[in-house]
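For the numbers below, each heavy atom of this structure counts, side chains included, while hydrogens, waters and symmetry mates do not.
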Amino acid sequence: AVQITMRPAVTKRTTCGNAPEGSTHEEPHQEGLVDRVYGTFHHSCYKCWTEFDNDRPNQRLSCEKCTQDDGSFKKSIVNMGNPECVKDVYKTTNGTLECDFEMPAGRFHETCFQCNTTDNVLSCFCQGYPPQVPTTIGMGECNKFVNVHGRLRCEPGQEVT
C-alpha cells in the first residue's frame, strides 16, 4: 500500500494520506508512513509523505496540513537527518513538525493517545477492547511498541534480550 516513485535527486518517495498533486496513490490515513516514521503527528497532520535517498541527512518528512493551536493549518517539513533523532519519532508543536525525544518508536502511535513516559514506563490510552482503557509497559522491555487489543505490547521481534 506504499507507492514509490522516481524524482530527480530523490531515490524514493513514500506517500500517504492524499499525497500532493502528481501522485496517484491515496490512502485514508497515514499508513504509508507507519513502518518508517512514528509519532503523534499522525493525529494532527494530513497529506504527509517522506522523501529520502541513501544519504540520511537529505531525508525529509513533509506534511501539507498540520493543525496549529488556533485551529488553522500550515505546511510543515522536518529534516530527518538529525543524528539525535535516531528513532524517527515526530510530534507537532503549534503545527510545526519536530523530533519527539521522549516517546519510543512503534506503531502504537496510530491508535494510542495521551501517551507519556515516567520513570521508564510508557502509559497510554489505546483503542481496543475494552475501549480507551489506560495501559502501561516498561520501556526497557522493547525497542518498538504496538497496540494489541487496547494493550501496549512489544512489536514482534523487538523485545530487548
Side-chain angles (χ1 to χ4, degrees), residues 1-3 5 7 9-10 12-23 25-53 55-128 131-139 142-147 150 152 155:
V2 174
Q3 174 180 339
T5 57
R7 291 181 45 169
V10 176
K12 297 178 182 177
R13 181 175 181 168
T14 305
T15 62
C16 69
N18 301 317
E21 197 139 339
S23 173
H25 179 72
E26 292 188 8
E27 292 180 320
H29 303 292
Q30 310 277 6
E31 289 89 351
L33 294 176
V34 295
D35 292 329
R36 179 152 184 83
V37 183
Y38 304 100
T40 57
F41 79 93
H42 288 281
H43 303 299
S44 59
C45 293
Y46 309 93
K47 299 182 181 180
C48 297
W49 68 97
T50 57
E51 294 181 319
F52 56 98
D53 57 22
D55 185 16
R56 183 169 170 79
N58 293 327
Q59 298 174 6
R60 295 167 300 284
L61 169 61
S62 302
C63 295
E64 285 295 319
K65 297 173 75 175
C66 290
T67 308
Q68 298 183 91
D69 292 345
D70 65 3
S72 64
F73 295 101
K74 75 176 194 179
K75 182 177 184 173
S76 187
I77 300 171
V78 65
N79 183 343
M80 295 170 62
N82 180 347
E84 296 174 0
C85 194
V86 295
K87 298 179 294 185
D88 284 333
V89 179
Y90 296 92
K91 64 180 180 177
T92 56
T93 301
N94 195 22
T96 301
L97 287 164
E98 59 187 34
C99 186
D100 189 340
F101 295 101
E102 295 178 16
M103 282 293 128
R107 296 182 71 156
F108 75 96
H109 293 284
E110 299 170 46
T111 56
C112 295
F113 305 88
Q114 298 175 4
C115 297
N116 63 63
T117 58
T118 306
D119 298 326
N120 209 31
V121 173
L122 173 63
S123 303
C124 298
F125 287 89
C126 297
Q127 294 175 351
Q132 297 290 327
V133 173
T135 180
T136 63
I137 191 169
M139 293 194 332
C142 313
N143 293 314
K144 293 181 181 178
F145 299 89
V146 66
N147 173 11
L152 289 168
E155 282 192 13

>> Give me the atom names and distance for the closest heavy-atom approach of Val121 to Thr136.
In response: CG1-CB, 3.9 Å
> How close do Glu102 and Met139 get, heavy atom to heavy atom, and via which atoms?
Replying inline: O-CE, 4.5 Å
>> On a heavy-atom basis, which atom in Val37 and which in His42 lie closest, and how many Å separate them?
In response: O-NE2, 3.5 Å
>> Please enumerate all residues that pass side chain to side chain donor-acceptor pair (under 3.5 Å) together with Asp100, with sequence neighbours excluded.
In response: none
> Considering all heavy atoms of both residues, which atom of Leu152 and which atom of Cys112 are nearest to each other, and what is their separation?
Replying inline: CD2-SG, 4.1 Å
> Rounded to the nearest 0.5 Å, how far does CG of Leu122 lie from CD1 of Ile137?
Replying inline: 7.5 Å
>> Just to verify, what does Ser76 make a side chain to side chain contact (heavy atoms under 4.5 Å, CB included) with, not counting sequence neighbours?
In response: Cys66, Thr96, Leu97
>> Quick check: closest heavy atoms across Pro104 and His109, and the distance to 0.1 Å?
In response: O-NE2, 2.9 Å
> Atom OG of Ser123 and atom CD of Gln114: how far apart are they, to the nearest 0.5 Å?
Replying inline: 11.5 Å
>> Using 0.5 Å steps for rounding, measure from the CZ atom of Phe108 to the NZ atom of Lys144.
In response: 12.0 Å
> If you take all heavy atoms of Met103 and Asn116, which pair is closest and at what distance?
Replying inline: CE-CA, 3.6 Å
>> Lys91: which residues meet the salt bridge (Lys or Arg N to Asp or Glu O under 4.0 Å) condition with it, sequence neighbours left out?
In response: Glu98
> By side chain to side chain contact (heavy atoms under 4.5 Å, CB included), which residues pair with Asp119, not counting sequence neighbours?
Replying inline: none
> Hey, are the side chains of Asn147 and Glu110 touching, using non-hydrogen atoms and a 4.5 Å cut-off?
Replying inline: no
> Would you say the side-chain atoms of Ser44 pair up with the backbone N or O of Thr67, donor to acceptor, closer than 3.5 Å?
Replying inline: no
>> Parallel, tilted or perpendicular: which one describes the rings of Phe73 and Tyr46, with boundaries at 30° and 60°?
In response: perpendicular
>> For the OH atom of Tyr90 and the CZ atom of Phe41, what is their distance to the nearest 0.5 Å?
In response: 9.0 Å
> How many angstroms lie between NZ in Lys75 and NZ in Lys65, if you round to the nearest 0.5 Å?
Replying inline: 13.5 Å
>> Pair Cys48, Cys63 - check disulfide (SG to SG under 2.5 Å), show working.
In response: CA-CA 4 Å; Cys48 297; Cys63 295; 2.1 Å; yes
>> List the residues meeting salt bridge (Lys or Arg N to Asp or Glu O under 4.0 Å) with Lys74, not counting sequence neighbours, and say none if there are none.
In response: none
> Quick one: ring-ring contact (aromatic ring centres under 6.0 Å, His included) partners of Phe113, sequence neighbours excluded?
Replying inline: His43
